[in-house]
Each structure stands twice: as C-alpha cells, then as structure tokens.
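Structure record follows, encoded as structure tokens.
Letters go in sequence order (proteins before strands), and every chain restarts at 1. Just the heavy atoms: all of them, side chains too, but no hydrogens, waters or symmetry mates, feed the values below.
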Amino acid sequence: MSGPIALIDCNNFYVSCERVFDPGLVGIPVIVLSNNDGCAVARSDEAKALGIKMGEPLHLIRDKVRRHGIKVLSSNYTLYGDMSRRVVDALHAFSPRMEVYSIDETFVDLSGFGGRMADQAADMRAAVRTLTGIPTCVGIGPTKTLAKLANHAAKKNPVFHGVADFTEKRVRDYCMPRIAVGEVWGVGSRTEAKLAAQGVKTVVELRDMPLSLARKVGTVVLERTVAELQGVRCIDIEDVEPQRKGMAVTRSPGKPIADVDTMVSAVTAHATRAAEKLRHHGLVAGAITVFFHTNPHRPDLPRRHASKSVTLKPMSADTFDLVEAAVRCVRAAWRDDKPYGYTKAGVMLDDLLPAEAAPRTLFEFGRERNVRLMGALDAVNDRFGRKTLVLGSEGFRKDWHLKAEMRTPRYTTRIAEVPVIRV
DNA sequence: TCTGGGGTCCTAGGACCC
DNA sequence: TCTGGGGTCCTAGGACCC
C-alpha cells in the first residue's frame, strides 16, 4: 500500500486557463492579478523571463508592463475553479486514490501501476491536455515531499520533458545537489535562513542532516520533511476531505473605508457570503469574528487593528443570524477618536460542525422556516447569479467594492458568456 | 530560607502553503 | 494613487484543576 506518489501540477494555471479561451494570449507575456487588481499572482513563461516576480504589486511594474506590452488580466476565479474541476475529472480515470491538494495540484497514488512510471505520467499529461487544454508537469516519488521536488525539477529542467521520476536513484542523485533548500515543500524563507546559518544550502545537505538537528532548527515539521527527503513516508495522501476548522471571507475595498455605515455594508456582504459558503458545505458555525485594519504599508497614517468575536448560540448557517452578529461586532469595535481609513475587512467563522451534528437547543421555534428561506435564497442566487437577492443592510452602495477592471468572461459557467464560434 | 507536581484546555503568534 | 485571499499545523504560555 505504499507505491509511488505522483504530483500533477498545472503550468502557470490561471494564465493557461485564459489561453484556452483566447489563443491570442499564447506566446506573449501575460500576468493575472490578485483580487482587487493588486499583485501578479500568475505569470506566463514570457512574463517570468521579463523578471516579473510572484506577488509583485502591479503599481511597481507599470513601467515594465508598458515597455514590453505585457497583457494584464484581472483574476476570474469562477473560470479557474471550473477548469480545475475538469482537470481532476480527467485524472479520475487513472487512479481511485487521489488528493486534490490545491486549485492546480493533485497527488495521485500510483500503487498497482505496472510498467514505467514515467510512461504512465506521460499518459496523464496527455489526457489532461486533450480534455481541458491545460499543460501540466508531473513529479513522481516515494513520498509526497519527493514527488513535489520531482515536480519542481520537471518544470525547471527541459531534459525531463515534463515528467521527473524521483523513485529512480540516478535521477535523485543528479537533481538534489542542484536544488536550493528553499524549493523544498515546507521550507519557507525563515527556515531557509536558519538552515543557511547551519551551512545547509542544497537539498542533499538537508536530506543528510541528522533528524535530531532538524528538529532543533525547525520543529517536528522540519524533522518530517528531512525524513520524507530520505524516502520515509510521514505524510499520507488524504483522499477523504478532512473536517474544516474555520472559514473566512476577507476583502480589501477599492478605497479605504472611513465611516461606520460603509463598514456595516461591507461586513454585511462578507457575512452573507460566509453564510453561503457554510450552507454549501452543509456546516454550521459556533463563533464569528469580525476584523478590520488600516493599511500596514502606511505608517504615516493613523493605524488601528480592530477585531471582535461573539459566539453563535445556537450554532447557525443562517444569513440573518450571521449578519446580525457581524453588524453587532462592527459597532462594538468601531472607534471615532481618529480619522482611520480601513483598507481591509473580514469575517471569520470558527467551531464549525456538520449541520446535523450541531447540538439542539430549546430556542429553535421558527428555525425550520428559516432553513427553508435560506434554501430559497440560495436557489435564486445560484440560478440568477450571486447577489441577485441581498439583505437590506448591504444596501446598494458600491464604494467599497473590489476592483476587477480586466476580467475575462466566465466562459464555462455563465450561459451569457459562453464563447460563440462563427464558421 | 523555604513555597508540590502533574495534567488539560485554550489562545496567540509564528511559519508555511497555494 | 496603487501591495490578495484563504487555509493548516505547531509551540509556548497562561488559566485552571486535583
């Protein structure tokens, strides 16, 4: 039961999704921005070659964008989420056991696969490419950490043609001295700096570190990483979705929020969305936290980080309950002593349970009616688009809304936006 | 001068991921 | 002018208990 593991990772996923529907984007530098059109979160190979970094703020690269004619797109998560589902569907034919790790990565258990692993992987790439149009790379290894590392090698080194197999010692021995520790899954910049102080710079050096020292430098997390690099499996494939612990909806408004009414309106929208997410997952929440804070990049302006939590009794996924609690939190946390301009606000839900597992209370008269009302609300918004029906306190003001000035159509999920081909 | 021992639970903060 | 959003896990330290 411990055959090799493959990691299939989509190349420049958001950019690749856009290219499927607009071939004019192929071969040119393209970047996709984060929410609010803030930072570059996906880059085509051509954009990477121009030196655009992951997470770089758009306002710092305006010049480069103009000079090189880089195509800039707002993010279209509806499209990417749907394309991600299609990629996973294509992979289902290959193995019964897989873990969808993120929107663009899936681990696949290769136990029982015969023949050369690399040939199987090539078949998976071809299937995904044919069925979705998305290019991928595959890494194979005896552990998840080695599969991730193999994937990195497959992406960076053209000799692999998109598939690197780290179950082969020869391949590991070639790659591991050439890769920096910071590329290892679980080693971030802080740990990288601590390892450098120990003289550990490459993946081989990390692999050959004594486990006890790894634990001292990092925590059990780093110790596990070293064991996994040695081929000892510590992190298993999670093919059943674990119970979520919390859930959040946070946004940066298009311009700073300076008055309590606008904050109430924004937080109402976030709580509404959070309630929708809860119901979509069949969960209820036991606690809600509202927070808002000023721009941390502007030390010259009045700074404040406000947050307020309340428990939800009974536990709930009802939009009215959540909005009412959230608005109470806003009013409790609001201050007028200085002219604050809040650049981020959010709602976080905790103590989540499946709705059927939630404790019953004495005060449930009339709740059945609300469950039906929420069902009707979701049905309308599913059919006619999010925000067709909203609560009054969200209002019609738009001044806190996100920026998304360069978003492409939702080609695959909105009938009005499906591409039309004329022949 | 001396001031038990051991356990659980909760929270805040750090680090990391995509 | 302009810097994303949504998660997980681990640890240390405090409160509390017997």
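Of the C1' atoms belonging to C/dC16 and B/dG4, the separation is 16 Å, rounded to the nearest Å.
Ring geometry for A/Trp185 versus A/Tyr101: interplanar angle over 60°, hence perpendicular rather than tilted (30 to 60°). Ring pair A/Phe291/A/His293 is parallel by interplanar angle, where below 30° counts as parallel and above 60° as perpendicular.
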Criterion salt bridge (charged side-chain N to carboxylate O under 4.0 Å, His left out) on A/Arg85 and A/Asp82, from CA distance to verdict: CA-CA 5 Å; A/Arg85 187 184 54 74; A/Asp82 189 60; 2.9 Å; yes

Residue pair A/Met209, A/Val217: steps toward the side-chain contact (heavy atoms from CB on, under 4.5 Å) verdict: CA-CA 11 Å; A/Met209 195 175 191; A/Val217 173; 3.9 Å; yes

Working for side-chain contact (heavy atoms from CB on, under 4.5 Å), residues A/Met83 and A/Val20: CA-CA 10 Å; A/Met83 292 300 284; A/Val20 168; 4.2 Å; yes

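Base-pair partner of C/dT8: B/dA15 (Watson-Crick or G-U wobble, both distances under 3.5 Å).
If you look at A/Phe113 and A/Phe94, their ring centroids are not closer than 6.0 Å.
Rounded to whole Å, the distance from CG on A/Asp9 to P on B/dC18 is 8 Å. Separating the CG atom of A/Leu222 from the C1' atom of B/dC17 is a distance of 15 Å, rounded to the nearest angstrom.
Residue contacts shown for A/Lys194 are absent, as no nucleic acid heavy atom lies under 4.0 Å away. Counting any heavy atom pair closer than 4.0 Å across all strands shown, A/Ser75 reaches no nucleic acid atom.
At a non-hydrogen distance threshold of 4.0 Å, A/Tyr101, A/Ser102, A/Asp104, A/Glu105 from residues 98-105 of chain A come into contact with DNA chain B.
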For residues 159-166 of chain A, tabulate all N or O donor-acceptor pairs below 3.5 Å that involve a side-chain atom, not counting sequence neighbours.
unit_1: A/Asp165; atom_1: OD1; unit_2: A/Thr167; atom_2: N; d: 2.8
unit_1: A/Asp165; atom_1: OD1; unit_2: A/Thr167; atom_2: OG1; d: 2.5
unit_1: A/Asp165; atom_1: OD2; unit_2: A/Thr167; atom_2: OG1; d: 3.1

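Looking at A/Thr343 and A/Asn295, their side chains never bring a donor and an acceptor atom within 3.5 Å of each other.
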Under 4.0 Å protein heavy-atom contacts per nucleotide of nucleotides 2-14 of chain C, with B for base, S for backbone only and - for none: BBBSSSSSSS---

